[in-house]
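Scroll down for the structure; my scribbles are underneath it.
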Amino acid sequence: MSGYFTVLLLSRNRPTIYLDNFNIVSLRNTSSSSTNTAIYLELRVQNENSWIGVYYEDPLNLTITYLQSTISTGSNVIIERSTIKGFYQGNGEVKHIQASVVIQDLFSTTERPRRLGETNIMMYGPSKMIDFVIDLEADIKFKSIENKKSHLTMQSTVEVSDYTGTSVLKTIQMKYTSGSNKWGVWRWVLAVPLVSLIQGLLSLAFLLAFLFLSFVSLV
């Protein structure tokens, strides 16, 4: 039992991050033929640890990539690389981070007429999906005596309706590119047998020391 209590105290879980309210709006420039595109999104960062805080070191890096409707992956367009200021998050807290960006002429001339709320279904047919990839990188450190840093890399694919300009799923959980959110628990669960063995050896050592001192005092 004490071994599993040790697991509870020593385990560290990486934060869970959700992508909320991904929205794209076409901003038509009346003075020219170009059309600007505004992208709005919100990150919901949740500290899964109920007893320990997390430091997010400055900066967090956010990348938005537009996947063009073509087979060639080389045609993907990185449309924004931005940074988010670091912050501290208390145990069990949830933080909402809003971000936005405006890009000029994101879509080609052939794509533009049916994009982002401008679609006329009778003319162009049913709406299609626009695909984006969101990448997030962050360095974190737990508020504890250990000074170890962890580098986190997360990614999420977002499907956006070209008729509404909003993501098909309102909330998307970002996935870590390696490992699981619950990495800390599993690491320490594997250490339980070792912790129990050490505790048993210490108890035996104290008992032997007590018996030895008792024997010496009698002699």
Among the clusters formed by ILVMFWY side chains lying less than 4.5 Å apart, do Y18 and V54 turn up in the same one?
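In one cluster: no.
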Hey, any chance Y88 and W51 share a hydrophobic cluster, counting ILVMFWY side chains that come within less than 4.5 Å of each other, even indirectly?
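Shared cluster, no.
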Quick one: does [X]'s side chain get under 4.5 Å of [Y]'s, heavy atoms only?
X    : Y    : result
L152 : P15  : yes
M174 : I172 : no
Q46  : I17  : no
I24  : F132 : yes
V25  : Y40  : yes
R14  : Y176 : yes
V160 : F22  : yes
Y66  : I130 : yes

Which pair of heavy atoms, one from E137 and one from H151, lies closest together, and at what distance?
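That would be OE1-NE2, 3.1 Å.
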For N47 against G53, the heavy-atom pair lying closest together
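In terms of heavy atoms, the two residues are closest at ND2-CA, 3.9 Å.
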Hey, could you give me the [atom1]/[atom2] distance between [X] and [Y], rounded to the nearest 0.5 Å?
X    : Y    : atom1 : atom2 : value
M154 : D135 : CE    : CG    : 9.5 Å
E48  : T16  : CD    : OG1   : 3.5 Å
Q98  : R44  : CD    : CZ    : 13.0 Å
N21  : H96  : CG    : NE2   : 10.0 Å
K141 : S150 : NZ    : OG    : 11.0 Å
L41  : I39  : CG    : CD1   : 8.0 Å

For I52, is there any backbone N or O sitting under 3.5 Å from a side-chain donor or acceptor partner on N91?
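Side chain of N91 to backbone of I52, a donor-acceptor pair under 3.5 Å: no, none is there.
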Side chain of N49, backbone of N13: donor and acceptor closer than 3.5 Å?
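Present.
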Working note: I134 + V158, criterion side-chain contact (heavy atoms from CB on, under 4.5 Å); need CA distance, chi angles, decisive distance, verdict.
CA-CA 8 Å; I134 313 301; V158 184; 3.9 Å; yes
List the residues meeting ring-ring contact (aromatic ring centres under 6.0 Å, His included) with Y56, not counting sequence neighbours, and say none if there are none.
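Applying ring-ring contact (aromatic ring centres under 6.0 Å, His included) to Y56 gives F87.
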Under a single-linkage rule joining Ile, Leu, Val, Met, Phe, Trp and Tyr whose side-chain heavy atoms are separated by less than 4.5 Å, which residues share a cluster with V94?
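V94 shares its hydrophobic cluster with no other residue.
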Taking it one step at a time, do E42 and L19 satisfy side-chain contact (heavy atoms from CB on, under 4.5 Å)?
CA-CA 6 Å; E42 180 178 319; L19 179 64; over 6 Å; no
Check: F142 ring centre within less than 6.0 Å of Y55 ring centre
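No, they do not, as the ring centres are separated by 6.0 Å or more.
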Qualifying residues under salt bridge (charged side-chain N to carboxylate O under 4.0 Å, His left out), relative to K170, sequence neighbours excluded
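For K170, no residue satisfies salt bridge (charged side-chain N to carboxylate O under 4.0 Å, His left out) once neighbours in sequence are set aside.
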For T157, all residues meeting side-chain contact (heavy atoms from CB on, under 4.5 Å), sequence neighbours excluded:
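Testing T157 for side-chain contact (heavy atoms from CB on, under 4.5 Å), a comparison that skips the adjacent residues, returns V133.
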Partner set under side chain to side chain donor-acceptor pair (under 3.5 Å) for E93, not counting sequence neighbours
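With sequence neighbours excluded, E93 shows a side chain to side chain donor-acceptor pair (under 3.5 Å) to no residue whatsoever.
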Check step by step if side-chain contact (heavy atoms from CB on, under 4.5 Å) holds for R12 and S144.
CA-CA 10 Å; R12 307 282 191 273; S144 63; 3.5 Å; yes
Let me check something: any side-chain donor-acceptor pairs from residues 58-65 under 3.5 Å, sequence neighbours excluded? List them with distances.
| residue | atom | partner | partner atom | Å |
| --- | --- | --- | --- | --- |
| D58 | OD1 | G86 | N | 3.3 |

Would you check, one step at a time, whether the test side chain to side chain donor-acceptor pair (under 3.5 Å) holds for T171 with D20?
CA-CA 5 Å; T171 296; D20 289 340; 3.0 Å; yes
